[in-house]
There are 2 protein chains.
Amino acid sequence: MNLNFDVESFTKDFENCCNKVQKKTFEKNEVIMSYIQKREQFCILISGNADLVRYDLNGNRTIIDHFTTNDIFGEVFYYVTTNNELLVEAKSKCEVLIYSYQNIHHKCKQNCKFHQKLIEYLPELILNKVTDLNMRVELLTKRSTRDKLLGYFNLLSTRTLSKTFKLPFSLTDLADYLSVDRSAMMRELKLLKEENFIKKDGKFITLLYK
Amino acid sequence: MNLNFDVESFTKDFENCCNKVQKKTFEKNEVIMSYIQKREQFCILISGNADLVRYDLNGNRTIIDHFTTNDIFGEVFYYVTTNNELLVEAKSKCEVLIYSYQNIHHKCKQNCKFHQKLIEYLPELILNKVTDLNMRVELLTKRSTRDKLLGYFNLLSTRTLSKTFKLPFSLTDLADYLSVDRSAMMRELKLLKEENFIKKDGKFITLLYK
DNA sequence: GTTTTTCTGTTGCAAAAGCAACAAAGTAAA
DNA sequence: TTTACTTTGTTGCTTTTGCAACAGAAAAAC
């Protein structure tokens, strides 16, 4: 969920106006944000990468979303309905801009450019979220681990316009993203290799079919 | 995904202006809309109910969404990324308003109220969609049929503010919605009854725990 | 009010997925 | 560079899920 305007100039804008913005640094595995209650806040990731995860009562971890540089996240993009806590966890050292607002949809009193741009881009950002979520639902509704894997690989292949691509996750995290058991997923990956559906070299996957 | 303004007066508005609107009737099981390509069109369901479904290559049917009176649907709410065809199927006789637009986000030349209201409500409608999708992802990431069922029941219980509620689906459709095998789901339902987690009388479910 | 179709409920069996545990490889930290 | 930690790869065993098939109940169509 990437902002396609320049975050640097953007930063200057709000420094001149909306003083409720902080720049913070998080170490690996620190919690950047918790969605347990609706805090009027969102974040832009300046550097590093982080995951939006949920832990259920059985201790299963699910990766809901994955953020990299310039991605934006916050409750407004989720409208959380869940009982479970959602956490944004830093996967590496992260620099984050944290913006607290009274009402994201309306202009601030100072009428700063930050807000203007945000309101302008918000519908687009939210539509991107819808696209992501639809894609996610499509993957998750696949009945078998094999179909989930192939579905995800197809997606990456389509995105990169290449039969070979690099997984953005560790295999452990990929299992949490596809919501399957890691060992079962590894077994399925082995079968896919043996049956010549894919080639795998570390995090690089090549599709061999079609 | 419900419009919370009066569809009747709304209808008169665009009859006076945007002439690209049709009212159509569909019989049960007819396809109201296909999302295979991005047609610039959306629909409002005046009466009846319909499902947004996807059939995958293995013939599995998945119910993505369920529409009732005054619900609105169309590609703009999905931004389809899939290879599979999405279909809106009438579950009963349906009356539908079909609106073709050049650009949903911009005013039409005649500047009619229809468009005005639509543009006004669109962000809200899309945010509702995000909420639905998040809820859906939450359900689908549950690892077992049992957890999916209980998760869904909890949701209905929370919505109706009652331990007893009526399933909006047939059990067959519920299985397609939760993306599990129907017979496995029936087995799990039986176990849940036997273990006194739930009581079931036709489509009425009562939660017995907590 | 009878027929036809769909939905519910059930089961045996086969296949898939999850669990637990561990070793080896890779990566980060001291 | 040694140590600690994380990730990958693997496997035996158990549990869950899916498949296929069928009978009875309920609903819809005639």
Whole-Å distance separating the CZ atom of A/Arg146 from the C1' atom of C/dG18:
18 Å
Is it true that the side chains of B/Glu95 and B/Ser47 contain a donor and an acceptor less than 3.5 Å apart?
yes
Can you tell me how far P of C/dT6 sits from NZ of B/Lys203, to the nearest Å?
15 Å
Check the distance between D/dT7's P and A/Phe169's CZ and give it to me in whole angstrom.
13 Å
Side-chain contact check for B/Thr172: nearest option of C/dC7, D/dG18, D/dT7 is C/dC7
Between B/Ser183 and D/dG18, is there a contact of a side-chain N or O with OP1 or OP2 at under 4.0 Å?
no
Can you give me the bend angle of the helix from C/dG1-D/dC30 to C/dA30-D/dT1? Use the axis through the first five pairs and the one through the last five, nearest 10 degrees.
60°
Is atom NZ of B/Lys166 surrounded by more than 12 heavy atoms (other residues, nucleotides or ligands) closer than 6.0 Å?
no
Once you round it to whole Å, what is the distance between P of D/dG18 and CG of B/Leu189?
13 Å
I want to check a possible cation-pi pair here: B/Arg61 against B/Tyr177, using under 6.0 Å from ring centre and within 45° of the ring axis as the test.
no
Any side-chain donor near an acceptor of the partner, B/Ser179 and A/Thr141, under 3.5 Å
no
A/Ala184 or A/Arg143, whichever maps to the more 5' nucleotide of DNA chain D
A/Ala184
Check: A/Glu188/A/Thr145 side-chain N/O donor and acceptor closer than 3.5 Å
no
Between CG of B/Leu171 and C1' of C/dC7 the distance, given in whole Å, is 8 Å
Under 3.5 Å, is there a donor-acceptor pair between the A/Thr62 and A/Asp176 side chains?
no
For the residue pair A/Asn49 / A/Ser92, report whether a side-chain donor-acceptor contact shorter than 3.5 Å exists.
yes
Among C/dA17, D/dG18, C/dG9, find the nucleotide with the atom closest to the side chain of B/Arg182.
C/dG9
Is the distance between the ring centroids of B/Phe42 and B/Phe73 less than 6.0 Å?
no
Whole-Å gap separating P (C/dC22) and CE (A/Met186)
18 Å
Would one find a side-chain N or O of B/Thr145 under 4.0 angstrom from OP1 or OP2 of D/dT17?
yes
Per-nt protein contacts along nucleotides 23-30 of chain C (heavy atom under 4.0 Å; B base, S backbone sugar-phosphate only, - none) come out as --------
Quick one: are B/His66 and B/Phe169 in side-chain contact, heavy atoms under 4.5 Å?
yes
Below 4.0 Å: OP1/OP2 of D/dT8 and any side-chain N or O of A/Lys200:
no
Measuring to OP1 and OP2 of C/dG18, would you say a side-chain N or O of B/Ser144 lies under 4.0 angstrom away?
no
Below 4.0 Å: OP1/OP2 of D/dT11 and any side-chain N or O of A/Lys190:
yes
Nearest-Å distance, CD (A/Glu188) to C1' (C/dA16)?
8 Å
Rounding to an integer number of Å, can you tell me how far B/Leu167 CG sits from C/dG9 C1'?
15 Å
Considering only NZ, NE, NH1 and NH2 on the basic side and carboxylate oxygens on the acidic side, decide whether A/Lys129 and A/Asp65 come within less than 4.0 Å.
yes
